[in-house]
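Single-structure report; data block below.
Chain A is the first sequence line, chain B the second, and so forth, proteins listed ahead of strands; every chain is numbered from 1.
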Amino acid sequence: MIIPDSDPNLPQPFYICGPTASGKSSFALEMAEKLDGEIVNADAFQLYQGLEIISAAPSPAERALVPHHLYGVLDPTESADAQLYVKLATPVIAEIQSRGKTPVITGGSGLYLKFLTHGAAPLPTGNAALRAEMDSKSIEELVAQLQQLDPVEASRTALQNRRFVSRALEICILSGQKASDIRDGWEKQTADISSRLRGIVIQRTREDLHARIALRTKAMLDGGALEEVAAMSAISSNCEKAIGFREIRSLLTGEIDRATCEDLINAATRQYAKRQETWFRREKWLVPEVV
RNA sequence: GGCCCGAUAGCUCAGUCGGUAGAGCAGUGGAUUGAAAAUUCACGUGUCGGCGGUUCAAAUCCGUCUCGGGCCA
């Protein structure tokens, strides 16, 4: 994690957040020039190589203007997660600072940013074998088990959300402690960090954002997204979740037509943007940048 | 011109024997600490195409008009 003001002589990072298609990338270029900075990616899917078009990563022309970091650094067969992201980003950011430049951290992946700014709670890493075992159980079984091991955590977890229930259970099993205890401790330790961070969240009207999404989807489909998806043979299940990936696959196999594909991508993107807005609305330290 | 089918939420449609309507999708709000572009929760008033009639009561039955679609001329 990036500790703010750890060394007052170093330039402090500046964060640029906002929903997809809000114009973060071009805003980042402006800020990088103003702050004498370099851009660091904070987007879960722009991390991957070969997904540049459907993840709307900055173009080569944009990257030539200012140094860009952590774009296309992972093979699509790999599966990133928030912890890996922090591992990758921390040294890159420190290196930029050591050269006297300002890290301009730009992206829309709320959880990744949260881990970067507030750190990762000392929770055990996910275990594939255990997850497979839990996946074979019913949600009722998982809930019952969690209620037994950690009733406090169970009472504050959305018990219909399988993902959340199994993660809480996983933490208890792997750590041998109560997930609620670890989380509470972490919350106390990191309570004051937000006030020392600086960054903005780009805000647009829904109408404007939806129009921008529609334009971008069209441009993607016309600008090589089909070829990009067709070229992806080996891919992690993680990458398959990229918005547009499945839709374009269906278009390529002829299951749906172009107009349907475009509509589906637009709807999925709008829904994602809404979830991002909900997330960033809670991050009170982000100053709204109304565009 | 004649006949038939359709018209109900932004969209696609359901609606039984008449008792003033409900699904999916879209949309809106929320949750969120190692899968997060993921996962998940909540939210359903709309001239039932218009007008008239029958009836205690019409989305539902009857008449008529309008607009689609089809068939026959």
Side-chain angles (χ1 to χ4, degrees), chain A residues 1 18-21 24 41-48 51 53-57 74 78-89 107-128 130-132 134-135 139 142-143 153 156-168 170-171 174-175 179-180 182-191 193 205-207 209-210 213-214 216-217 220 236-248 259-260 263-283:
Chain A
M1 93 182 254
T20 188
K24 294 185 291 297
N41 173 37
D43 183 291
F45 284 78
Q46 292 176 7
L47 243 29
Y48 292 104
L51 289 178
I53 297 171
I54 64 169
S55 70
L74 291 181
E78 294 180 84
S79 279
D81 57 48
Q83 186 183 39
L84 174 66
Y85 171 70
V86 174
K87 261 185 209 159
L88 293 172
S109 295
L111 184 68
Y112 284 22
L113 280 156
K114 186 77 175 180
F115 268 59
L116 191 61
T117 55
H118 291 72
L123 299 168
T125 302
N127 176 296
L130 181 57
R131 281 184 184 177
M134 289 191 297
D135 284 347
I139 180 94
L142 298 175
V143 167
E153 187 69 8
R156 43 161 104 133
T157 299
L159 298 177
Q160 314 89 329
N161 192 329
R162 187 182 185 99
R163 187 76 72 90
F164 287 5
V165 172
S166 22
R167 175 61 186 155
E170 176 181 75
I171 292 167
L174 294 177
S175 71
S180 54
I182 311 178
R183 281 185 172 152
D184 287 348
W186 186 250
E187 202 119 311
K188 272 181 205 155
Q189 281 180 52
T190 57
I193 287 179
T205 63
R206 276 291 157 80
E207 196 186 20
L209 193 62
H210 287 185
I213 287 170
R216 195 182 68 181
T217 302
M220 274 180 192
S236 68
S237 62
N238 205 34
C239 279
E240 284 182 0
K241 293 182 310 202
I243 291 173
F245 187 83
R246 286 169 195 277
E247 293 86 348
I248 291 172
T260 305
D263 287 348
L264 290 173
I265 293 175
N266 280 333
T269 308
R270 276 186 246 122
Q271 290 165 345
Y272 172 48
K274 193 164 77 68
R275 274 178 267 132
Q276 288 176 299
E277 288 185 330
T278 302
W279 183 290
F280 292 126
R281 219 172 272 152
R282 297 201 313 167
E283 298 292 332

Using a 4.0 Å heavy-atom cut-off, does [X] contact any base of the nucleic acid, only the sugar-phosphate backbone, or nothing at all?
X	result
A:Thr278	base
A:Leu84	nothing
A:Thr269	nothing
A:Ala120	base
A:Gln271	sugar-phosphate
A:Phe245	nothing
A:Arg275	base
A:Ala268	nothing
A:Gly244	nothing
A:Arg206	sugar-phosphate
A:Arg183	sugar-phosphate

Is there a donor-acceptor pair closer than 3.5 Å between any side-chain N or O of [X] and the backbone N or O of [Y]?
X	Y	result
A:Ser109	A:Ala44	yes
A:Gln276	A:Gly108	yes
A:Gln83	A:Ala120	no
A:Tyr48	A:Ala80	yes

First of A:Phe115 and A:His210 reached from the 5' end of RNA chain B, by closest nucleotide: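 Final value for this comparison: A:His210.
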RNA chain B: 5'-proximal contact among A:Thr125 and A:Ala158 (nearest heavy atom): A:Thr125
In whole angstrom, give me the gap between the [atom1] atoms of [N] and [M].
N	M	atom1	value
B:rC51	B:rU16	C1'	28 Å
B:rG1	B:rG15	P	33 Å
B:rA14	B:rA38	C1'	33 Å
B:rA35	B:rA23	P	35 Å
B:rA21	B:rC13	C1'	13 Å
B:rA59	B:rG18	C1'	10 Å
B:rG29	B:rC67	P	41 Å
B:rA58	B:rG19	P	11 Å

Spacing of CD1 belonging to A:Ile139 relative to CG belonging to A:Asn161, to within rounding of 0.5 Å: 7.5 Å
Reported CZ-to-CD1 distance for the pair A:Phe45 and A:Ile54, which is rounded to 0.5 angstrom: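 CD1 of A:Ile54 is found 8.5 Å from CZ of A:Phe45.
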Student check: side-chain heavy atoms of A:Arg206 and A:Lys274 closer than 4.5 Å: yes
Contact check, side chains of A:Leu116 and A:Tyr112, non-hydrogen atoms, under 4.5 Å: no
CD (A:Glu187) with more than 12 external heavy atoms under 6.0 Å: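 No, the 6.0 Å shell around CD holds no more than 12 heavy atoms from other groups.
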Of all the nucleotides listed ([options]), which has the minimum atom distance to the side chain of [X]?
X	options	answer
A:Gln160	B:rA35, B:rU40, B:rG34	B:rU40
A:His118	B:rA36, B:rU33, B:rA37	B:rU33
A:Arg281	B:rG30, B:rA37, B:rG34	B:rG30
A:Arg131	B:rA36, B:rG34, B:rG27	B:rG34
A:Lys114	B:rA37, B:rU33, B:rA26	B:rU33
A:Asn161	B:rA36, B:rA31, B:rG34	B:rA31

A:Asn238 (side chain) and B:rA38 (base): donor-acceptor pair under 3.5 Å: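 Check fails, no donor-acceptor contact within cut-off.
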Any donor-acceptor N/O pair under 3.5 Å between B:rG27 base and A:Lys274 side chain: no
Using atom [atom1] of [X] as one end and atom [atom2] of [N] as the other, report the distance to the nearest whole Å.
X	N	atom1	atom2	answer
A:Glu170	B:rU39	CD	C1'	14 Å
A:Met134	B:rG34	CE	P	12 Å
A:Leu264	B:rC25	CG	P	13 Å

Heavy-atom closest pair, residues A:Lys241 and A:Asn238: NZ-OD1, 2.9 Å
Where RNA chain B forms stems, i.e. three or more consecutive Watson-Crick or G-U pairs with both distances under 3.5 Å: B:1-7 with B:66-72, B:10-13 with B:22-25, B:27-31 with B:39-43, B:49-53 with B:61-65
In B:rG27, glycosidic geometry as syn within 90° of 0 or anti otherwise: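 Nucleotide B:rG27 adopts anti.
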